[in-house]
Q: 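I'd like to ask some things about the structure below.
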Number of protein chains: 2
Amino acid sequence: MKPINERCGSVRRVDTCLSAPVRASVPCKSCDLQACRLRDFGLLKRAYSLRGLERGDTLETHSRNCLRFWIVKQGTGATCRMFSDGRRQIVSLETTGDVVCASMADNDNEHWFEALSECKICEVNLTPWSGELRQNADFLHAIFEVMHKRLERSVNHVSTLGRLDSHERVIYFLAELALRLGARDDGKIVALPMSREDIADYLGLNSDSISRILTRLRRSGLVRFLSRTEYVVLDWSAIAQRLPISLPETFPNAMCFPSQDEEISR
Amino acid sequence: MKPINERCGSVRRVDTCLSAPVRASVPCKSCDLQACRLRDFGLLKRAYSLRGLERGDTLETHSRNCLRFWIVKQGTGATCRMFSDGRRQIVSLETTGDVVCASMADNDNEHWFEALSECKICEVNLTPWSGELRQNADFLHAIFEVMHKRLERSVNHVSTLGRLDSHERVIYFLAELALRLGARDDGKIVALPMSREDIADYLGLNSDSISRILTRLRRSGLVRFLSRTEYVVLDWSAIAQRLPISLPETFPNAMCFPSQDEEISR
DNA sequence: CGACCGATTGATCGACCTCAACACCAGTGG
DNA sequence: CCACTGGTGTTGAGGTCGATCAATCGGTCG
């Protein structure tokens, strides 16, 4: 690992970690994002504002005692953590529709949300209404499902980092991202809104290794790169064959409470 | 990694993964576990039963559509995942008071709960009441906090696996476990209810490395081992000095909703 | 054009894994 | 009492994977 002064040399690392430069912050009248799980609460319209972030901009909160969420409306972001010597770990990727619980991005722990591409974030600060929301079953159910889904992803990430080797990690990453972005079919183009170093920080590797592995995967015909930030999955079966785990299903919701029309299993 | 037939050679790995031998399953009249976050719901008493597990016994569920929890009342367990070639990753450690959401241990994904030591588990199956509980704000708040806390731990685990080297991981592990088990002071004895291989599967290393690292830590005076399963943290400051992250605070709850008597930060 | 940044690629190094041998311990059976 | 066994932990020798370091290339921006 590089010492802190080297790894934090770029502007992105240091200058933007401490404050979030708000490019645009306007109250948004109506939320038309289908995937957003926190819509439909009358309160929200009073509480949210739309923020535009450029690549590298970050969001942080200064208190754990807050009820605040960041919903990705456009673009791709990441929840990051920085160690005291400058090592960075991307803890999770956030794509359209994902809801980030801001209380987990407190600056004491060196956690923050970071835009990997140009992003539109809907910030919802519900702290003033936390008392009444504490009694609102629909709201509590919604944020429970959000946390449940995030936990599922995180658990997957733990398995990946703990027991997959570097090639498997990259293959899994490319396939999972393709599925999350809706490119389940062969030939669909996936936008890869991250640098090699971002991928490395997500997968616990370093950027040289990422680069090497990507060229090997390209040569072996699993994926094709149209540019540095666009790829196509060519051979799903080969991918499945090279992974010791199945790719995650993309359930629309967390499925913890059985829905009305389904058989209840006891 | 060893091939599956070798790694699954022990009884623990294969025979017990598919079914949970119930050593004792009696309805428990009253729950006196202070740390349990799911008590105080009238419904629970009708729904729960106490199960005694021996080391190696496992619990699984066969449906994602269930509202079932396992609460550790005594002993230490782990949420595990096995890959198709036999690699195992311990996704999280569960100690007294921890609440495991059973729907995340469905057998399709090769997830399960496993007793690392002799355990008493309170199994709470609330599936029949999921309809009314979906409207119960207190219950929803409780399980939200459970998930929030689990997510915090998982995120920590991701950082650990992604960016700490083997020595740092073991040091962090020993210190964190000591704190979780209440041995914050120098000299307090910590019970280590796991084999070297369990630790390895938790930290993404292998058991030989664990053994090597433990002897080095012992020699350097950070910890003292009374036996293979008991240790004492000798030098907290040296531990903090050798870690690039601070040890997690052990908050009593998730602190996402501000409590009544605290200043609300907006 | 030069400065700069990110990506690529090769050479080398070191951390961790693999494999094997051995120690230790509890249990079992003579 | 000893021999034997199986399981777990320890330790050393050697190999491999991924990190590190450096050189080069390509693109972008001033």
Side-chain angles (χ1 to χ4, degrees), chain A residues 1-3 6-13 54-56 85-89 116-117 160-171 173 192-219 223 225-231, chain B residues 1-3 6-13 15 54-56 85-89 116-117 160-171 192-219 223 225-231:
Chain A
M1 294 294 163
K2 295 181 186 175
E6 287 185 45
R7 284 189 56 104
C8 290
S10 71
V11 174
R12 206 182 86 241
R13 283 292 164 78
E54 305 269 327
R55 163 168 171 78
D85 56 0
R87 288 175 253 182
R88 182 178 76 150
Q89 175 67 41
L116 296 180
S117 67
T160 304
L161 295 180
R163 284 292 176 230
L164 296 189
D165 68 24
S166 61
H167 282 249
E168 291 168 329
R169 288 186 213 182
V170 174
I171 294 173
F173 165 74
L192 179 68
M194 311 162 67
S195 71
R196 301 297 186 246
E197 189 159 2
D198 290 334
I199 302 174
D201 286 346
Y202 181 64
L203 297 179
L205 301 167
N206 83 6
S207 62
D208 308 82
S209 296
I210 298 294
S211 192
R212 250 183 279 274
I213 293 166
L214 286 179
T215 59
R216 286 190 57 177
L217 295 181
R218 197 186 313 135
R219 281 186 199 145
V223 292
F225 274 80
L226 309 179
S227 74
R228 280 176 184 169
T229 57
E230 281 178 319
Y231 68 95
Chain B
M1 294 295 160
K2 294 182 187 176
E6 286 184 46
R7 283 188 57 101
C8 291
S10 71
V11 174
R12 206 181 87 242
R13 283 292 163 77
D15 295 346
E54 303 269 327
R55 162 168 171 79
D85 57 0
R87 287 176 254 181
R88 182 178 77 149
Q89 174 66 42
L116 296 179
S117 67
T160 304
L161 295 180
R163 284 291 176 232
L164 295 189
D165 70 22
S166 60
H167 283 249
E168 292 167 330
R169 287 186 213 181
V170 175
I171 293 172
L192 179 68
M194 310 163 66
S195 70
R196 302 298 187 246
E197 189 159 3
D198 290 333
I199 301 173
D201 286 346
Y202 180 64
L203 297 179
L205 300 167
N206 85 7
S207 62
D208 308 85
S209 296
I210 298 295
S211 190
R212 253 182 278 273
I213 293 165
L214 286 180
T215 60
R216 285 191 56 176
L217 295 182
R218 198 186 312 137
R219 281 185 199 147
V223 292
F225 274 80
L226 309 180
S227 74
R228 280 175 183 167
T229 56
E230 281 177 319
Y231 67 95

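First the proteins, then the strands, lettered A, B, ... as listed; each starts at 1.
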Q: Please report the distance, rounded to the nearest Å, between CG in A:L203 and C1' in D:dG18.
A: 13 Å
Q: Within the 4.5 Å heavy-atom criterion, are A:I171 and A:I213 side-chain neighbours or not?
A: no
Q: Name the nucleic acid region contacted by B:L214, choosing base, sugar-phosphate or nothing; use a 4.0 angstrom heavy-atom cut-off, strictly under.
A: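 Contact class for B:L214: none.
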Q: Starting at atom CG of B:D198, determine the distance to atom C1' of D:dG9, rounded to an integer number of angstrom.
A: 13 Å
Q: Take atom CG of B:D201 and atom P of D:dG9, then tell me their distance rounded to the nearest Å.
A: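 So the CG-P distance, B:D201 to D:dG9, works out to 12 Å.
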Q: Applying side-chain contact (heavy atoms from CB on, under 4.5 Å), run through B:R169 and B:L161 and close with a yes or a no.
A: CA-CA 8 Å; B:R169 287 186 213 181; B:L161 295 180; 4.0 Å; yes
Q: If you only use heavy atoms from C-beta on, which nucleotide in D:dT20, D:dG9, D:dG18 is closest to the side chain of A:N206?
A: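 The closest nucleotide is D:dT20.
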Q: Find the distance A:I210:CD1 to C:dG6:C1' and express it as a whole number of Å.
A: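 One finds 14 Å between C1' of C:dG6 and CD1 of A:I210, rounded.
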Q: Quick check: closest heavy atoms across B:R55 and B:D198, and the distance to 0.1 Å?
A: NH1-OD2, 3.1 Å
Q: Evaluate the side-chain proximity of B:R163 to B:E168: yes if any heavy-atom separation is below 4.5 Å, no if none is.
A: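 They are not in side-chain contact.
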Q: Do the charged groups of B:R87 and A:D165 touch, with an N to O distance under 4.0 Å?
A: no
Q: What is the distance from CZ of B:R196 to P of D:dT8, rounded to the nearest Å?
A: 12 Å
Q: For the side chain of A:R218 and the backbone of A:V223, is there at least one donor-acceptor N/O pair under 3.5 Å apart?
A: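 No, because the side chain of A:R218 does not come within donor-acceptor range (under 3.5 Å) of the backbone of A:V223.
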Q: I'd like a table of atom pairs between the protein and nucleotides 24-26 of chain C - only N or O on both sides, under 3.5 Å - with the distance next to each one.
A:
none

Q: Enumerate donor-acceptor pairs with a distance under 3.5 Å from any side-chain N or O in residues 203-212 of chain A to protein atoms, sequence neighbours excluded.
A:
residue : atom : partner : partner atom : Å
A:N206  : OD1  : A:D208  : N            : 3.2
A:N206  : OD1  : A:S209  : N            : 3.0
A:N206  : OD1  : A:S209  : OG           : 3.2

Q: For A:E197 and D:dT20, what is the distance between atoms CD and P respectively, to the nearest whole Å?
A: 11 Å
Q: Starting at atom CG of B:D165, determine the distance to atom C1' of C:dC17, rounded to an integer number of angstrom.
A: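 It is 15 Å, rounded to the nearest whole Å.
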Q: Report yes if at least one side-chain N or O of B:S195 is closer than 4.0 Å to OP1 or OP2 of D:dT8; otherwise report no.
A: no
Q: Please list, chain by chain and in numerical order, all residues satisfying ring pair (Phe, Tyr, Trp, His ring centres under 6.0 Å) with B:Y231, sequence neighbours excluded.
A: B:F225
Q: Whole angstroms only, please: what is the CD-P distance between B:E168 and C:dA15?
A: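 Result: 12 Å.
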Q: For residues A:R196 and A:L214, determine if any side-chain heavy atom of one lies less than 4.5 Å from a side-chain heavy atom of the other.
A: yes
Q: Do any N or O atoms from the side chain of A:R88 and from the backbone of A:D201 form a donor-acceptor pair under 3.5 angstrom?
A: no
Q: Hey, is the main chain of B:L192 close enough, under 3.5 Å, to the side chain of B:E230 for a donor-acceptor pair?
A: no
Q: Compute the bend angle of the helix from C:dC1-D:dG30 to C:dG30-D:dC1 from the end axes (five pairs per end), rounded to 10°.
A: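 Computed from the C1' atoms at both ends, the axes differ by 20°.
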Q: Each nucleotide N or O in nucleotides 11-16 of chain D that has a protein N or O under 3.5 Å away: list the pair and distance.
A:
residue : atom : partner : partner atom : Å
D:dT11  : OP2  : B:T215  : OG1          : 3.4
D:dT11  : O4   : B:D208  : OD2          : 2.9
D:dG12  : N7   : B:R212  : NH1          : 2.8
D:dG12  : O6   : B:R212  : NH2          : 3.3

